[in-house]
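The structure displayed is predicted, hence computed values, not measured ones.
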Amino acid sequence: MESFLNTKWIATAASIWIQCTSGASYTFGIYSPVLKSSQSYDQSTLDTISVFKDIGANAGILSGLLYSTVTSRRTRLLNGPWVVHVAGAVQCFVGYFLIWASVVGLILQPPVPLMCLFMLVAAHAQTFFNTANVVSGVENFHQFGGTIVGIMKGFLGLSGAILIQVYDTLCEGDPTSYILILAITPTLTSLLLMPLVKIYGTTTVDDKKHLNGFSSSALVVAAYLMVIIILDNVFTLPSWSRIITFMFLLLLLASPFGIAAKAHKDSKRPSIETSPLMDDSEPMPTKYGEYHEIPGEPDRVKEVASSSTESLSNDHLEDGIDMNLSRAMLTVNFWLLFVAMICGMGSGLATINNISQIGQSLGYSTIERSSLVALWSIWNFLGRFGAGFLSDIMLHKGWARPLFMVITLATLTFGHLIVASGFPGNLYIGSVMVGICYGSQWSLMPTITSEIFGVRHMGTIFNTIAIASPIGSYIFSVRIIGYIYDKMATSEDNSCYGTQCFMLSFFIMAAVAFLGFLIAFALFLRTRRFYRQIVLLRSLHS
């Protein structure tokens, strides 16, 4: 039993469970109306608070620095990913508990800047959970980094829908109680499972096989959640059936531990050989192929750089050395990627932050608005999982990965136009398109970052580019959506009803998404030759 608990497989299963409760920021639409009414906020003020949520959930530089510090050999007392989990758990509980205390009147109504701080701290916990789980996963599966990143990011995307199932089952439409659950559930899950999340230095020939098992588990959970959400929207499930469906969801979520047990059993077979990850030996070939592996490991990067330094100019790796943040920020490609993410991630995040208010203005019921928020998590998951999977497969066929960013940003433009149109049922169609395209950026951007700038400083560079998301969200949520909504509001409670409330805002965001499409296309043109080198190297090692 002890040997089973000390494996990278049980560490992966534990990380998945922590990820499943870490996406509280994706459910802001559930409790934002009660936060707005209890604190007497107008829409612009609520959007300002949501921007601080976005900053906290996306600015992961501190979590990255802490992870690097506590996993280095220089530290002895505080060593391992568990330290990062503890830091996240403390922030999660303190932040959401103070928000709940403000809503129920346990403490005096805080000024807006203080509420922004509460939200920032609560959401910032997500970056600590995510960093500890994703980076330790990449270190445990160094040869299949792309796959494990997709799994972890995918379950994080699903966490919004999972938490909403908790809300529907336990809170019965009471968003105030839900805020308290957000303070307790992720905190306890992380503290209970963090001792299992460790870094191991071995690899086996069955790694890809069992990672595919985790991927299949994610797809099954996503399909089940989508069915439950649709059934609830159509039939309005009674409370007893919600309990049954929730218990079955817990059984599905237990499947990663079953996969971990099978992987541990297979690892004991004499035919399985293990070798340290720091070994320079090539990955053992398997019938499962090598897609989803992040290209650009140091040894491969050296080959790319040495064979194509002239063609890559100064915007890529030089002399086989991975770029650090300061060097990356001096390149044109960094800023093309950053601005494209402002347009894509920023406008997508502004949509989810306001989807409940959009539905209210268009006459959607409370159940329908809750379903939209929950389904967003499904589309977000499909974007994260599918974009990485498909772009990795197509990379083998010679398609540069930034081309998928071009395609998704073009699709995002049409998604915003559908939301702006206001026709009956438009939010269901528009949220699917915007959700998938938004999730795709979170899969494509980190992988493109690792390929263009190298993997050694990927965490720092990736988290810096991710700041584009809250920057864009602030511009679109506060300066555009919130401002125009308040101008259109006519009732005493600062509410607006009708298609005019958000139409102009989403026409503007459609134009911005189209700008992102043009910028991503420029990045694609600049990196085509570089990606031809990656395709060549992957074909040589396949």
Indicate yes or no: at least one non-hydrogen side-chain atom of Ile162 is less than 4.5 angstrom from one of Leu253. yes
List the atom of Gly516, the atom of Ala340, and the distance in Å for their closest heavy-atom pair. O-CB, 4.3 Å
d(Ile352 CD1, Ile355 CD1) to nearest 0.5 Å is 5.0 Å
Kindly assign one of parallel, tilted or perpendicular to the pair Tyr438 and Trp442, based on the angle between their ring planes and the thresholds 30° and 60°. perpendicular
Is there a side chain to side chain contact (heavy atoms under 4.5 Å, CB included) between Ser217 and Ile259? Walk through the geometry before answering. CA-CA 9 Å; Ser217 174; Ile259 296 170; 4.1 Å; yes
Given the rule in the side chain to side chain contact (heavy atoms under 4.5 Å, CB included) test, do Tyr31 and Val34 qualify, once you have shown the distances and angles that lead to the verdict? CA-CA 6 Å; Tyr31 61 89; Val34 71; 4.2 Å; yes
Leu249 versus Phe246: any side-chain heavy-atom pair under 4.5 Å? yes
Minimal non-hydrogen separation, Cys437 against Leu412, with atom names: SG-N, 3.7 Å
Between OG1 on residue Thr464 and CD1 on residue Ile61, distance to nearest 0.5 Å: 4.0 Å
Please report the interatomic distance CH2(Trp100) to CD1(Ile179), rounded to the nearest 0.5 Å. 10.0 Å
Below 4.5 Å, heavy atoms only, C-beta onward: do Phe214 and Trp9 meet side chain to side chain? yes
Ser255 (side chain) donor-acceptor with Leu252 (main chain) under 3.5 angstrom: yes
Is the backbone of Tyr364 close enough, under 3.5 Å, to the side chain of Arg369 for a donor and an acceptor to pair up by distance? yes
Is a side-chain N or O of Gln19 found less than 3.5 angstrom from the main chain of Met152, in a donor-acceptor match? yes
Quick one: does Ser44's side chain have a donor or acceptor within less than 3.5 Å of a partner on Gly482's backbone? yes
Kindly determine whether Phe248 and Tyr224 satisfy ring pair (Phe, Tyr, Trp, His ring centres under 6.0 Å), including the steps that lead there. CA-CA 9 Å; Phe248 190 73; Tyr224 176 75; 5.2 Å; yes
Any donor-acceptor pair under 3.5 Å from Thr169 side chain to Val166 backbone: no
NE2 of His85 to CG of Leu192: how many Å apart, nearest 0.5 Å? 12.0 Å
Contact check, side chains of Leu219 and Phe385, non-hydrogen atoms, under 4.5 Å: yes
Might you point out which heavy atoms bring Asn58 and Asp54 nearest each other, and give the distance in Å? ND2-O, 2.6 Å
Met194 vs Val83, test: side chain to side chain contact (heavy atoms under 4.5 Å, CB included). Steps then yes/no. CA-CA 9 Å; Met194 69 182 185; Val83 180; over 6 Å; no
pair Cys171-Ile181: side-chain heavy atoms closer than 4.5 Å: yes
Backbone N or O of Gln126 within a donor-acceptor pair of the Asn130 side chain at under 3.5 Å? no
Side chain proximity check, Ser159 to Thr21, heavy atoms < 4.5 angstrom: no
Charged tip of Lys53 within 45° of Phe28 ring normal and under 6.0 Å: yes
When Lys198 is tested against each of Asn6, Thr7, Asn140 for side chain to side chain donor-acceptor pair (under 3.5 Å), which residue passes? Asn6
Under 3.5 Å: donor-acceptor pair, side chain of Asn380, backbone of Trp376: no
Counting distance only, does the side-chain N/O of Ser443 pair as donor-acceptor with the main-chain N or O of Arg384 below 3.5 Å? yes
So how far is it from Leu35 CG to Phe118 CZ, rounded to the nearest 0.5 Å? 11.5 Å
Could you check whether the rings of Phe128 and His124 sit parallel, tilted or perpendicular, using 30° and 60° as the cut-offs? perpendicular
Please determine, by modelled atom types, if Ser102 and Gln109 share a side-chain donor-acceptor pair under 3.5 angstrom. no
Between Thr127 and Ala57 the two heavy atoms that sit nearest each other are CG2-O, 3.2 Å
Evaluate Thr131 against Ser63 for side chain to side chain donor-acceptor pair (under 3.5 Å), listing each step before the verdict. CA-CA 6 Å; Thr131 298; Ser63 61; 2.9 Å; yes
Of the non-hydrogen atoms in Ile378 and Ala161, which two are nearest, and what is the gap between them? CD1-CB, 4.1 Å
For side chain to side chain contact (heavy atoms under 4.5 Å, CB included), just list the numbers for Ile228 and Arg242, CA-CA rounded to whole Å, side-chain angles, deciding distance to a tenth of an Å, and then say yes or no. CA-CA 9 Å; Ile228 293 303; Arg242 292 183 189 275; over 6 Å; no
Do Met115 and Leu98 have side chains that get closer than 4.5 Å, going by heavy atoms? no
Spell out, as yes or no, whether a donor-acceptor pair under 3.5 Å connects the side chain of Thr45 to the backbone of Tyr41. no
Side chain Ser477, main chain Tyr474, donor-acceptor under 3.5 Å: no
Ignoring hydrogens, what is the shortest heavy-atom contact between Thr27 and Tyr178? Give both atom names and the distance. OG1-OH, 2.8 Å
Between CZ on residue Phe155 and CD1 on residue Ile151, distance to nearest 0.5 Å: 7.5 Å
Report yes if the side chains of Ser431 and Thr351 come closer than 4.5 Å at any heavy-atom pair, otherwise no. no
